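The structure displayed is predicted, hence computed values, not measured ones.
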Amino acid sequence: MTTEVRVPTLGESVTEATVATWFKKPGDTVAVDEMLCELETDKVTVEVPSPVAGTLADIVAAEGETVGVDALLANIAAGDGAAAPAPAAAPAAAEAPAAASSATVDVMVPTLGESVTEATVATWFKKVGDAVAQDEMLCELETDKVSVEVPAPAAGVLAEIVAAEGSTVDATAKLAVLSTDGSGAAPAAAPAAAAAPAAAATAGVKNAPSAEKAMSEAGLSASQVAGTGRDGRIMKPDVAAAVAAASAAPAPAPSAAPRAPVAADQAAREERVRMTKLRQTIAKRLKDSQNTAAMLTTYNEVDMTEVMALRNQYKDEFLKKHGVKLGFMSFFTKACIHALKEVPEVNAEIDGTDIVYKNYVNMGIAAGTPQGLVVPVLRDTDQMSFADIEKAIAEKGKRARDGKLSMAEMMGGTFTISNGGVYGSLMSSPILNPPQSGILGMHKIQERPMAINGQVVIRPMMYLALSYDHRIVDGKGAVTFLVRVKDALEDPRRLLMDL
């Protein structure tokens, strides 16, 4: 008889967690309420106790995996005979050595997510002949939007790699073959297997495999990343935070670590890195947008005085009541929704010889991540309040930075806002996100002298840029859209009065 161990309730509005640490391994005896593993959410750490006494039969969700509420974590063989399987297994193995010697397990592509049909094999962490433990990470796959780690379904030796690095596999493909017969391990694998316990004893805290890979790609050591997991364990979001902090810091002097002598051959001073699947997709979509749409950009500027004053007046009360900070994005989102009602062709798309007008607004909010630019979509924003918009932006932005967005969360947008001002951009021409017909570019707020009622005054100004598909949006419509956004931001009361 087995008992399932599932993800407990994580708290209001928390729908998923990351498996941070397993305190037990398959075959270990556990007592009732003894801690099995630890889960991490974006707010708290949750320990999962054993519901019964028995033996941990198998681990379903490995360390580093993201699981939803009520997801299966492990199975426990319960009852008085729970500890018996280990001794009983020895005679069985002795009785049938021939069957054991040929035992193999296929490693298949895991579930990639809704509408995702293929992935690229990015990295193999093991090579043929290596000994692997159950749930140890074998390789990492990359899809258009996310990375997926593939754990070993059983302990054994990696007998064959079917899909090499760089190859594209479909959702049902075989990746590798494991030999589960311990006596059949390759000679080269034996020293590695023998060294594993010693390494584990001295390694201290084990970081998440995804974090190890992210640190390797970013050129960071564990000492440069502050871990937020149990006992300082480093998780993938910790690496993303360290990368963001490093990019904001001054670059080190080039003389500190010269890459190559000045007289070296040019090829020796270059580094060739394969584009990730995400970067390939970004490049293709941007080029397709330029090739397909008759893209044009029009500009205006907005005086941010009134929005800044309103935000400063109510930001503390807003945070206290809604539990989220009042930012500028909700004002811009509301202003765009207001303008889209008057100029509906900016919220439409071309389908063959038809124009499809959308009587709703699914707002895409472009977000920069360590892996590249992604555009999570806020659905039905025309029905949302300021607080709803701010909460949705905060939640989607965090999921984007952590690489946890699903494909569904980045599809179906009707208009996009891109804020280059957070990086200091003063002026730019954003590229359309097809099949959308419009994208608004926000920029840095900068104080400039302005002529107001015959007087020169200093005002916080921002340049706005609207890129649009001229096949469907005329110049008059584009200019009208920007003027309506400008009017709404310079007098936010117009949003309340629907003017």
Side-chain angles (χ1 to χ4, degrees), residues 244-245 247-251 296-322 324-340 342-343 346 363 365-368 385-387 389-390 393-394 397 415-431 438-468 475-499:
S247 63
L296 191 63
T297 305
T298 186
Y299 304 91
N300 211 319
E301 61 181 351
V302 57
D303 185 341
M304 295 292 290
T305 300
E306 293 299 324
V307 168
M308 294 174 70
L310 192 63
R311 176 175 177 267
N312 288 333
Q313 181 178 354
Y314 293 109
K315 63 180 182 180
D316 293 336
E317 293 180 46
F318 190 90
L319 176 60
K320 183 177 180 181
K321 179 175 181 179
H322 300 293
V324 65
K325 292 182 179 180
L326 177 61
F328 292 125
M329 287 303 298
S330 55
F331 285 97
F332 277 86
T333 301
K334 282 287 189 181
C336 286
I337 293 170
H338 177 74
L340 289 171
E342 184 169 343
V343 192
V346 184
M363 190 69 72
I365 305 294
S385 66
F386 275 80
I389 293 172
E390 290 292 355
I393 290 174
F415 185 81
T416 296
I417 299 176
S418 178
N419 185 8
V422 296
Y423 304 109
S425 172
L426 188 62
M427 176 72 78
S428 67
S429 299
I431 297 179
I439 178 172
L440 180 74
M442 298 167 54
H443 299 92
K444 177 183 178 182
I445 300 174
Q446 188 173 51
E447 290 188 341
R448 296 201 299 271
M450 303 297 294
I452 308 294
N453 297 326
Q455 300 293 322
V456 176
V457 295
I458 304 299
R459 291 294 178 90
M461 304 298 295
M462 176 193 289
Y463 288 117
L464 299 179
L466 175 71
S467 291
Y468 58 97
K476 177 184 176 182
V479 172
T480 300
F481 177 90
L482 269 188
V483 170
R484 293 297 175 265
V485 171
K486 170 184 171 71
D487 290 344
L489 293 170
E490 291 186 342
D491 185 3
R493 293 171 297 180
R494 298 176 66 93
L495 295 174
L496 301 176
M497 303 300 295
D498 194 24
L499 297 175

- Note on the structure: Correct closest heavy-atom pair for F318 and V324 would be CD2-O, 3.3 Å
- For S467 and P430, indicate whether the former's side chain and the latter's backbone hold a donor-acceptor pair under 3.5 Å. yes
- Message: For the CG atom of L340 and the CE atom of M363, what is their distance to the nearest 0.5 Å?
- Response: 6.0 Å
- Are Y314 and F386 close enough that their ring centers fall under 6.0 Å? no
- Message: Under the criterion side-chain contact (heavy atoms from CB on, under 4.5 Å), I'd like the reasoning laid out for F332 against M462: C-alpha separation, chi angles, the key distance, then a yes or no.
- Response: CA-CA 12 Å; F332 277 86; M462 176 193 289; 3.5 Å; yes
- Item | Distance under 6.0 Å and angle within 45° of ring axis: R448 vs Y463 | yes
- Query: Where is the tightest heavy-atom contact between V343 and G477, given as atom of each residue plus distance?
  - Reply: CG1-O, 3.5 Å
- Rounded distance [0.5 Å steps], CG in L426 versus CD1 in I445: 11.5 Å
- Message: Would T333 and I365 count as a side-chain contact (heavy atoms from CB on, under 4.5 Å) here? Give the steps.
- Response: CA-CA 9 Å; T333 301; I365 305 294; 4.2 Å; yes
- Task: Report the C-alpha separation of S330 and I393 in whole Å, then their side-chain angles, then the decisive distance to 0.1 Å, and conclude whether the side-chain contact (heavy atoms from CB on, under 4.5 Å) test is met.
- Result: CA-CA 9 Å; S330 55; I393 290 174; 5.6 Å; no
- Message: Counting C-beta onward and ignoring hydrogens, is there a side-chain heavy-atom pair between V479 and N300 closer than 4.5 Å?
- Response: no
- When rounded to the nearest 0.5 angstrom, what is the spacing between OG1 in T305 and CD in E447? 9.0 Å
- Query: Counting distance only, does the side-chain N/O of N312 pair as donor-acceptor with the main-chain N or O of M308 below 3.5 Å?
  - Reply: yes
- Task: Apply the test side-chain contact (heavy atoms from CB on, under 4.5 Å) to residues I389 and K334: give CA-CA distance (whole Å), side-chain angles for both, the deciding distance (0.1 Å), then the verdict.
- Result: CA-CA 9 Å; I389 293 172; K334 282 287 189 181; 4.0 Å; yes
- Give the minimum heavy-atom separation between R484 and E342, together with the two atoms involved. NE-OE1, 2.8 Å
- Indicate the atoms forming the closest heavy-atom contact of P492 with E306, along with that distance. CD-CB, 3.7 Å
- Query: Would you say L440 and F415 make side-chain contact, with heavy atoms under 4.5 Å?
  - Reply: yes
- First locate atom CE of M304, then atom CE of M461, and finally report the distance between them rounded to the nearest 0.5 Å. 10.0 Å
- Message: If I take atom CD1 from residue I439 and atom OG1 from residue T297, how far apart are they, to the nearest 0.5 angstrom?
- Response: 9.5 Å
- Between Y468 and V346, is any pair of side-chain heavy atoms under 4.5 Å apart? no
- Message: If you define the side chain from C-beta out and look only at heavy atoms, does anything of D303 sit under 4.5 Å from M450?
- Response: no
- Would you name the heavy atoms of L466 and A478 that are closest together and state the gap between them? CD2-O, 3.7 Å
- Task: Nearest 0.5 Å please: distance from the OG1 atom of T480 over to the CG atom of D487.
- Result: 10.5 Å
- Just wondering, do K325 and L319 contact through their side chains at under 4.5 Å, heavy atoms? yes
- Message: Under 4.0 Å between a side-chain nitrogen and a carboxylate oxygen: does that hold for K486 and E490?
- Response: yes
- Task: Specify the closest pair of heavy atoms between S428 and H443, including all atoms of both residues, with the distance to one decimal.
- Result: OG-NE2, 2.7 Å
